[in-house]
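Data block below; observations after.
When reading the values below, keep in mind they use all heavy atoms of this one structure, side chains included, and skip hydrogens, waters and symmetry mates. Residue numbers start at 1 and run along the sequence shown.
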Amino acid sequence: MSMLAIKHGAINLGQGFPNFDGPDFVKEAAIQAIKDGKNQYARGYGVPDFNNAIAARFKKDTGLVIDPEKEVTVTSGCTEAIAATMLGLINPGDEVILFAPFYDSYEATLSMAGAKVKCITLRPPDFAVPIDELKSTISKNTRAILINTPHNPTGKMFTREELNTIASLCIENDVLVFTDEVYDKLAFEMDHISMASLPGMYERTVTMNSLGKTFSLTGWKIGWAIAPPHLTWGVRQAHSFLTFATSTPMQYAATVALQAPDSYFAELKRDYMAKKAILLQGLKDVGFKVFPSSGTYFVVVDHTPFGLENDIAFCEYLIKEVGVVAIPTSVFYLNPEDGKNLVRFTFCKDEETLRSAVERMKEKLKKK
C-alpha cells in the first residue's frame, strides 16, 4: 500500500509510521553516543544502562520491581521480541490462542515455531472478547495466549474485567501470556493495564514493548521483552540466533528517551487526541461507519456504504481514484472473510495531512 501511495501520489493514512520526526533530545543522544565511540556490538541482551532504564520505566508503569540483568532482553524492535518469544518458548505442535484481527507477524512467527494456532475473532462495534468462546477454546493443551493492548488494528483496549478473566483462565490451565504493549502510551479512553501486573501473572507473562511508537522513531527498531528468568532464558536463546545484539548507539539514546519527564508523555497523548479528533470527525462526515478506538493511532471503519465488494477493492479504489491510502483489514485475520467490510486508517500524521486526506475523500467518495 505504501508503494502504491508513492505511485499514485496518494496521502498515506495506511502504514503506521509518523510523517513527523521524533524529539530532538533523543536524536541528540544518539549523535553523542556515535561520537563517543559507542559503535561496536552491544552485549547480547542489552546495554546495562538501557536494561536499567527499561526496568525503572516498568516499575513506574506497573509497580513491579524486576531484575534488569535477568528479566530484560533488548531486541531489534518489538517484532523481534515477538519472534524470539515464539521461537524460544513455543515447540512444534504447541497450541497458541490468538485474537483476530492481529498484527501479521504473530501468525508468521508462530508458523515458524510449528505452533497450532487457535483463533478467536473480536467483532465490531466494540471488539469485546467473547468470553464463552475463550472458555471453550482454552484448555490444558493450550501453551500460550497472545494479547495486544492497546490493539492494532482496531484501537481496542482490553478492559480490566477481560484481563482478569483471561488471567484466571491462564492460571487455571497453566497457560503463558505473551503481551504486545507497544501502544501503551497511546491510551486515550481508559488507562492501560499491563497483564504482568495482575495477581499471579508475572510468573507466566512475557511483556513486549518498543521505543518506536512512543517516540516517533519507528526506523530505529529498538524493542524489549520483560519476563521472569525461566521464560527470559528461552527468549534469549532465540534472540542470540536472530540478531544477537541490537544497535549500540540507539540503545544509549533510548536510555535517555525512557527517562523523559511525565510531561513528554502527557503532551504526546494530547497531540494524538487532537489528530484523532480531526480524522474521526472527518471519516464520519465522509459517510463511513466509524468504530470506537480507545488507544493506538489507528481507527477501523466499515467501508460498505460506498458499495465496493470488499476491503481490498475499496482500498485500491481509494488510492487510484481518491488519492488516499488505507489498509484492508482482511490481512489481519486467519479467515479473510471476517475482515472484508473493514479498513484501517492511521492518524499518526501532521494535522494538515489529515485534513487534506479528509477533503479528498469528501470531494471524491460518494455513497452508493
Side-chain angles (χ1 to χ4, degrees), residues 16-18 21-62 64-85 87-88 105 178-186 194 196 206-229 231-262 264-265 268:
F17 60 86
D21 213 358
D24 286 342
F25 75 94
V26 185
K27 292 186 291 184
E28 291 299 333
I31 293 164
Q32 193 58 50
I34 291 167
K35 286 180 174 173
D36 289 347
K38 307 279 200 316
N39 300 308
Q40 306 311 320
Y41 288 130
R43 188 177 65 169
Y45 57 90
V47 166
D49 286 355
F50 187 36
N51 288 55
N52 289 334
I54 292 165
R57 168 58 55 189
F58 195 61
K59 182 186 177 192
K60 191 168 187 176
D61 290 343
T62 66
L64 294 169
V65 176
I66 57 168
D67 184 336
E69 292 298 299
K70 294 179 179 164
E71 300 180 298
V72 176
T73 306
V74 175
T75 58
S76 299
C78 188
T79 300
E80 196 224 331
I82 292 162
T85 299
L87 295 169
S105 88
F178 305 150
T179 169
D180 172 352
E181 303 184 4
V182 294
Y183 299 101
D184 63 340
K185 295 287 181 276
L186 299 176
S194 225
V206 180
T207 304
M208 300 172 284
N209 210 324
S210 77
L211 192 80
K213 310 296 189 288
T214 310
F215 290 91
S216 308
L217 297 165
T218 57
W220 284 21
K221 299 299 289 175
I222 301 288
W224 55 89
I226 295 169
L231 298 180
T232 289
W233 188 87
V235 174
R236 287 184 181 178
Q237 297 306 303
H239 166 67
S240 295
F241 300 105
L242 284 168
T243 60
F244 168 61
T246 294
S247 168
T248 305
M250 298 318 186
Q251 289 189 58
Y252 283 97
T255 304
V256 172
L258 289 192
Q259 293 164 346
D262 291 345
Y264 171 80
F265 300 102
L268 177 83

Candidate pair Phe58 and Thr207, rule side-chain contact (heavy atoms from CB on, under 4.5 Å), full reasoning: CA-CA 10 Å; Phe58 195 61; Thr207 304; 4.1 Å; yes
As a quick check of understanding, evaluate side-chain contact (heavy atoms from CB on, under 4.5 Å) for Thr232 and Val72, giving each step before the final call. CA-CA 7 Å; Thr232 289; Val72 176; over 6 Å; no
Decide yes or no on side-chain contact (heavy atoms from CB on, under 4.5 Å) for Leu217 and Val26, but give the supporting numbers first. CA-CA 9 Å; Leu217 297 165; Val26 185; 3.7 Å; yes
Mind running salt bridge (Lys or Arg N to Asp or Glu O under 4.0 Å) on Lys35 and Glu28 for me, showing each step along the way? CA-CA 10 Å; Lys35 286 180 174 173; Glu28 291 299 333; over 6 Å; no
For the pair Tyr45 and Val74, evaluate side-chain contact (heavy atoms from CB on, under 4.5 Å) and give the outcome as yes or no after the intermediate values. CA-CA 5 Å; Tyr45 57 90; Val74 175; over 6 Å; no
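Residues Ala238 and Ala84 come closest through the heavy atom pair CB-O, 3.4 Å. In terms of heavy-atom proximity, Arg57 sits nearest to Phe265 at NH2-CE1, 3.1 Å. Nearest heavy atom pair, residue Gln251 against residue Val47, reads OE1-N, 2.8 Å. Residue Asn209 comes nearest to Val182 through the heavy atom pair OD1-CA, 3.3 Å, listed as atom of the first residue, atom of the second, then distance. What you find for Thr248 and Ala42 is that their closest heavy atoms are OG1-N, 3.1 Å. Scanning all heavy atoms of the two residues, the minimum distance from Ile222 to Met250 falls at CD1-CB, 3.6 Å.
A salt bridge links Lys185 to Asp61: one of the charged nitrogens lies within less than 4.0 Å of a carboxylate oxygen. Salt-bridge formation is not detected for the pair Lys213/Glu181: no Lys NZ or Arg NE/NH1/NH2 atom is positioned less than 4.0 Å from an Asp or Glu carboxylate oxygen.
Atoms CG and OG, on Asp180 and Ser210 in that order, are 8.0 Å from each other to the nearest 0.5 Å. Here OG1 of Thr255 is found 7.5 Å from CD1 of Ile54. Values are rounded to the nearest 0.5 Å. Ser247 contributes atom OG, which lies 8.5 Å from atom CG of Asn39 (distance to the nearest 0.5 angstrom). Within the model, atoms OG1 of Thr85 and CG of Leu231 stand 9.0 Å from one another, a figure rounded to the nearest 0.5 Å.
Applying the 6.0 Å contact sphere to NZ of Lys38 captures more than 12 heavy atoms from other residues, nucleotides or ligands.
Taking the ring centroids of Tyr252 and Phe50, they lie at or beyond the 6.0 Å cut-off.
By the 4.5 Å heavy-atom criterion applied to side chains, Ile66 and Ile226 are counted as neighbours. At a threshold of 4.5 Å between non-hydrogen side-chain atoms, the residues Phe178 and Val235 do not count as touching. Between Asp184 and Ser194 there is no side-chain heavy-atom pair separated by less than 4.5 Å. At a threshold of 4.5 Å between non-hydrogen side-chain atoms, the residues Glu80 and His239 count as touching. Contact check for Met208 versus Ile82: side-chain heavy atoms found under the 4.5 Å cut-off. Contact of the Leu186 side chain with the Leu268 side chain is registered, since non-hydrogen atoms from C-beta on lie closer than 4.5 Å. Side-chain atoms of Gln237 and Leu87, non-hydrogen and from C-beta on, never get closer than 4.5 Å to each other.
No donor-acceptor pair closer than 3.5 Å links the side chain of Thr73 to the backbone N or O of Arg236.
Aromatic ring pairs are classed by plane angle as parallel below 30°, tilted from 30° to 60° and perpendicular above 60°; the pair Phe215 and Tyr264 is parallel.
Side chain to side chain, Thr246 and Ser76 meet the donor-acceptor criterion of an N or O pair below 3.5 Å.
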